[in-house]
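Everything below concerns the one structure shown next.
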Amino acid sequence: MISFHPTEEELAFLEVAKDFAKKKIRKVARTGEVNLKVNEELVEEARELGFLSLELPEEWNGLELPLISQVQIMKALSYGDLGIVQGLPSAGDAAPFYRIMHNYSQLQSVKEKYMDQPDYCSVLIDLCKTSDFATTELVVKRKGNNYELNGMTEPVRLARFAESVVLFAFDQEGQAVILLVQDNKWTVQEGDYRLGLLASGLGRLVFENCVVPANQVIVTGNDAEKIMKKVRTRKFVLEAAKQNGLMEAALDYTTQYTTERKAFGQEIAKFQGVSFKIAKMAMETRIVNHLMFEAALKADEDSQSAYGLALRALHRAHKGVRFVTDAAVQLLGGHGFIQEFPVEKWMRDAQAQVALYGRESNYLLERGTELLTSEGRVSVE
Amino acid sequence: MISLELSEQQKQIKEMTHWFAEHEIRPIALEADKLGKVPDDWLHQVNQMGIHLNTSSFGGGGKETSQGKKKKEREGNRMGVIATEEMAWGDPAVTLSLPGAGLGGPPIESSGTPEQKERFLSIFTNDKPRWGAYALTEPEAGSDASGVKTTAIKVNDGYILNGQKIFITNGARASWVVVFATVDPKLGRAGQRAFVVEKGTPGFTCTKLVKKMGLRANETAELLLEDCFVPTENLLGGEKLYETSESKPSGFQVAMKTFDSTRPIVAAMAIGIARAAYEYTLNIVRREYPKQGKYYYLACQILAEAEQNIQAARLLTWEAAWMADLGIANAKEAAMCKAYAGQMALDVCSKSLELLGPTGLDGHLVEKLFRDVKVFDIFEGTNEIQHLVIARRQYAPYGLRV
């Protein structure tokens with residue numbers, strides 16, 4: 001039965017998450033950006049509250065929550081500040097991979113780390129996104145039973161703190177492979193980042209003749225491709241949720257600001273140019289929420305349609321977060337542009353997030369191809 | 001628990017209405033548009049099948065019975081939007097012409113006395129097709145529903161109504177019309193009342209059937225009330241309601257409450273139209289477009305965006321309907337779904353025509369859908385009015401009225 005009501009358990013979790021977002025995360029947003037990392041006290045609190053291990057399997061001491069619960073919590077946390085949430089050391093984008101593959105013996109060393117250290121930091125490098133074009137190259141060659149890596153990744157979050165790397169790649173013969181790289185067999189090129197998500201440990205990983213032994217080759221071939229698709233599905237939905245949290249923050253902040261700010265003798269909210277924009281921001285925020293919910297529900301069911309819905313949700317979240325954060329800056333006028341108000345940071349973070357998590361037009365193209373080659377109805381499954 | 005699964009009952013109604021839309025409505029869509037009416041024999045036939053356009057579904061969620069058992073959750077609003085989407089997918093003009101209380105149903109359901117509900121809503125039987133209608137708009141009062149000029153002067157046993165109503169769906173053929181009028185213009189909204197004016201009442205006439213850009217098969221009437229006597233028992237809710245209630249209800253509130261229920265229905269119709277255009281175009285692109293190159297990529301992007309926007313509108317609509325079923329205030333959500341769906345549907349039809357190219361002008365359904373859909377961004381409150389409603393609700397927690 002169609003319902004938009006969270007469970008009692010989710011509501012309880014959300015209350016804690018919202019409180020943490022408003023009272024803790026929001027407060028350290030600026031300092032995190034200056035220090036280029038999230039302060040340890042906040043990481044410790046997030047760890048204690050379980051926010052670093054929502055996706056990790058219970059056997060790894062994680063909470064293993066359904067995606068529909070996680071998206072609500074991630075959204076609530078990101079309401080505090082997306083830059084901070086993206087900088088919390090954790091399994092990061094590799095978490096869905098660990099969840100799906102948690103029984104694999106090759107991952108036992110990672111499991112042991114997470115058992116008592118949920119802020120152990122992993123990075124997922126996905127070189128297999130068929131629709132993406134990279135300006136830098138990381139070459140993955142199979143040499144006997146081993147693989148050798150040479151080259152540099154594009155910028156990824158948590159790179160500076162990474163202790164494990166999960167790599168999705170095609171080898172020289174075009175075979176898909178998933179590798180686990182540990183023991184700091186890479187260097188980090190830190191770069192010159194100024195746009196946004198500055199506390200998220202942005203950097204490029206550089207590999208030079210890095211040999212990945214056979215026991216860290218997790219899976220290859222068709223199985224690898226299937227796993228990659230499932231991981232991407234979950235990752236896309238979780239990122240859409242975080243972006244939706246940022247959208248809601250910008251919407252609420254701007255709504256309140258426009259009730260207080262006066263021009264021409266009245267609150268600027270009373271001008272329809274302002275209030276209608278607020279209405280559009282509210283609609284777009286709600287739309288992203290619902291598309292993200294639908295994708296999460298389908299991912300929880302392990303439905304065939306989940307990947308396409310996740311693509312759709314993230315595409316809309318990209319578009320939505322750019323629109324809403326820009327509108328927020330616009331409605332604050334000059335105040336939106338200066339750092340005494342949070343919205344300029346939110347707009348920068350939004351654009352950086354969009355740059356990190358895939359090109360909008362590619363998502364549309366991929367989704368469109370899926371629609372043209374499948375039944376293609378706007379179906380209710 | 002958050003869920004977007006249809007209940008068994010919802011699945012059944014969806015399948016049934018889709019079957020009807022595909023096999024009965026769609027085949028007559030282009031012909032009805034050309035004729036400027038839905039054939040009478042077709043209307044008789046579907047009426048005998050018991051198929052009506054019912055937009056009424058009020059009431060809250062499952063309440064406790066005297067035995068303490070929880071009643072089954074109400075799902076009429078969700079069923080309504082699901083069914084309406086399917087019917088409008090078949091054809092919106094034919095759907096709006098289906099017999100039944102139509103948009104006149106919700107105000108009677110929400111504000112009528114039990115006797116009025118019985119008297120006006122029980123006439124929709126299978127012997128012959130009958131319609132209800134809803135008359136709010138006037139030449140000088142459309143979006144500003146509080147500016148209604150039609151007057152209602154109290155006389156013995158009733159009221160004398162004078163005024164003009166325009167853009168009234170099924171207004172000429174309706175057995176009764178819910179008419180909004182003011183008992184005292186100085187009272188503003190508080191002076192408004194809703195009356196049920198029955199066909200054949202002296203002084204109540206249809207002066208014109210208008211010709212339109214689209215929805216040509218559906219009747220749109222102009223109505224005139226000239227010293228039209230309406231008995232007190234046709235005042236919606238009865239006089240006692242206005243005398244005794246502390247909340248001082250008015251016809252304006254009746255009109256607004258109606259919108260909370262009908263806007264999701266109108267949004268669902270727009271979604272059905274958009275879906276029809278999208279699916280029609282998708283089939284042609286699959287069949288006739290190259291499988292690679294710039295036109296293929298163009299089509300991929302346009303279709304992916306259309307599909308996404310349709311689903312976005314549908315989820316907003318479901319949310320508004322779900323809230324109505326549970327008795328949760330939904331004015332903001334009802335306005336959101338209507339605002340978004342109306343504009344989205346026009347855009348999808350326009351982009352579909354773009355994909356079809358000049359060929360789309362010649363005897364293709366999408367051309368008709370484009371003409372039909374524009375008004376969905378206008379009636380039941382224009383897009384701008386929806387934005388105003390959303391903004392007002394958004395600012396309400398801060399104590400600011402915009």
Side-chain angles (χ1 to χ4, degrees), chain A residues 1-7 10 68-69 72 251 255-256 258-260 267 269-272 274-284 286-291 293-294 296-298 301 308-309 311-313 315-316 361 363-373 376-381, chain B residues 1-7 10-11 14 73 75 78 82 271 275 278-279 282-283 285-286 289 296-297 299-308 310-316 318-319 321-323 326 332-333 335-336 339-340 384 386-392 394-395 397-402:
Chain A
M1 176 85 92
I2 298 163
S3 169
F4 292 80
H5 210 287
T7 62
E10 285 167 348
I68 188 64
S69 305
Q72 296 174 70
L251 169 64
T255 304
Q256 182 167 354
T258 53
T259 63
E260 293 163 358
E267 296 88 350
K270 289 184 176 166
F271 295 101
Q272 289 188 340
V274 171
S275 67
F276 280 22
K277 196 160 209 164
I278 288 285
K280 284 187 200 308
M281 291 163 76
M283 275 193 277
E284 199 56 33
R286 196 72 69 94
I287 285 168
V288 172
N289 180 79
H290 291 354
L291 292 174
F293 274 3
E294 187 179 25
L297 289 164
K298 289 297 170 195
E301 289 170 20
L309 301 195
L311 273 177
R312 187 171 76 180
H315 170 266
R316 190 52 170 251
S361 51
Y363 286 146
L364 268 191
L365 202 56
E366 200 175 344
R367 177 69 178 150
T369 304
E370 195 180 50
L371 294 169
L372 276 171
T373 52
R377 289 183 188 280
V378 194
S379 63
V380 181
E381 232 185 66
Chain B
M1 182 179 143
I2 295 167
S3 168
L4 299 173
E5 290 293 321
L6 303 189
S7 68
Q10 288 162 0
K11 280 182 193 159
K14 180 180 158 59
E73 187 177 312
E75 51 181 321
R78 280 165 287 185
I82 289 165
I271 294 162
R275 211 180 96 205
Y278 162 80
E279 289 176 7
L282 182 74
N283 285 335
V285 168
R286 276 182 182 156
Y289 261 55
Y296 176 78
Y297 296 128
C300 276
Q301 296 203 9
I302 288 178
L303 290 168
E305 202 147 35
E307 185 260 0
Q308 176 187 119
I310 292 168
Q311 186 63 5
R314 181 188 279 150
L315 294 174
L316 288 176
W318 284 4
E319 184 187 27
W322 165 75
M323 292 173 82
L326 267 63
K332 180 178 171 183
E333 287 71 19
M336 274 188 178
Y340 186 75
E384 290 70 22
Q386 309 306 332
H387 275 73
L388 193 60
V389 174
I390 298 162
R392 278 189 181 157
Q394 181 73 16
Y395 284 114
Y398 300 93
L400 187 76
R401 181 170 169 82
V402 297

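Chain letters run A, B, ... following the sequence lines, proteins first, then strands; residues in each count from 1. Below, each value reflects all heavy atoms present in this structure, side chains not excepted, and no hydrogens, waters or symmetry copies.
The two residues Ala391(B) and Ser275(A) come nearest to each other via the heavy atoms CB-O, 3.5 Å. Nearest heavy-atom pair, Leu364(A) versus Ala304(B), reported as atom, atom and distance to 0.1 Å: O-CB, 3.3 Å. What you find for Leu316(B) and Ile287(A) is that their closest heavy atoms are CD1-CG1, 3.7 Å.
Considering only heavy-atom pairs separated by less than 4.5 Å from chain A, the leading option among Ile390(B), Ile2(B), Val402(B) is Ile2(B). Interface remark: of the candidates Thr7(A), Thr259(A), Leu311(A), Thr259(A) forms the most heavy-atom pairs closer than 4.5 Å to chain B. Contact count versus chain A (heavy atoms, under 4.5 Å) is highest, among Ala321(B), Ala335(B), Ala312(B), Ala339(B), for Ala312(B). When each of Pro6(A), Gly308(A), Ser69(A), Ala296(A) is scored by its heavy-atom pairs under 4.5 Å with chain B, the top score falls to Pro6(A). Per-residue heavy-atom pair counts under 4.5 Å with chain B were compared for Leu297(A), Leu251(A), Thr255(A), and the maximum is reached by Thr255(A). Top candidate by heavy-atom pairs under 4.5 Å with chain A, chosen from Arg401(B), Glu333(B), Arg392(B), is Glu333(B).
Under the 4.5 Å side-chain criterion, counting only non-hydrogen atoms from C-beta, Glu384(B) is in contact with Phe276(A). Between His5(A) and Met323(B) the shortest side-chain heavy-atom distance does not fall below 4.5 Å. Contact annotation: the side chain of Ile2(A) approaches that of Ile82(B) to within less than 4.5 Å [non-hydrogen atoms, C-beta and beyond]. Between Phe4(A) and Leu326(B), every side-chain heavy-atom pair lies at or beyond the 4.5 Å cut-off. Residues Met1(A) and Glu5(B) have side chains not in contact (no heavy-atom distance under 4.5 Å, counting atoms from C-beta outward). Under the 4.5 Å side-chain criterion, counting only non-hydrogen atoms from C-beta, Tyr296(B) is in contact with Leu372(A). Looking only at side-chain heavy atoms (C-beta outward), Gln301(B) and Arg367(A) stay at 4.5 Å or farther from each other.
To the nearest 0.5 Å, the span separating CD on Glu294(A) from CH2 on Trp318(B) amounts to 7.0 Å. Atom OG of Ser3(A) is separated from atom CD of Glu319(B) by 10.0 Å, given to the nearest 0.5 angstrom. The distance from the NE2 atom of His387(B) to the CD atom of Gln272(A) is 10.5 Å, given to the nearest 0.5 Å. The distance from atom CZ of Phe293(A) to atom CG of Leu315(B), rounded to the nearest 0.5 Å, is 10.5 Å. Note that CD1 of Ile278(A) is 6.5 Å distant from CD of Gln394(B), once rounded to the nearest 0.5 Å.
With a 4.5 Å cut-off on non-hydrogen atoms, Leu291(A) touches chain B through its backbone and its side chain both. Residue Leu365(A) touches chain B through both its backbone and its side chain, counting heavy-atom pairs closer than 4.5 Å. If you measure heavy-atom distances from Gln256(A) to chain B, the contacts under 4.5 Å come from both the backbone and the side chain. Heavy atoms of Gln10(B) lying under 4.5 Å from chain A belong exclusively to its side chain. Interface remark: Ser361(A) contributes backbone and side-chain atoms alike to the contact with chain B (heavy atom separation under 4.5 Å). Of the atoms belonging to Tyr398(B), it is side-chain heavy atoms, and not backbone ones, that fall under 4.5 Å from chain A.
For the residue pair Arg316(A)/Gln308(B), the side-chain donor-acceptor check at 3.5 Å is satisfied.
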Pair Glu10(A), Met1(B) - check side-chain contact (heavy atoms from CB on, under 4.5 Å), show working. CA-CA 9 Å; Glu10(A) 285 167 348; Met1(B) 182 179 143; over 6 Å; no
Arg286(A) vs Lys332(B), side-chain contact (heavy atoms from CB on, under 4.5 Å): CA-CA, chis, key distance, verdict: CA-CA 11 Å; Arg286(A) 196 72 69 94; Lys332(B) 180 178 171 183; 3.9 Å; yes
Going through the checks in order, is the side-chain contact (heavy atoms from CB on, under 4.5 Å) test met by Gln311(B) and His290(A)? CA-CA 9 Å; Gln311(B) 186 63 5; His290(A) 291 354; over 6 Å; no
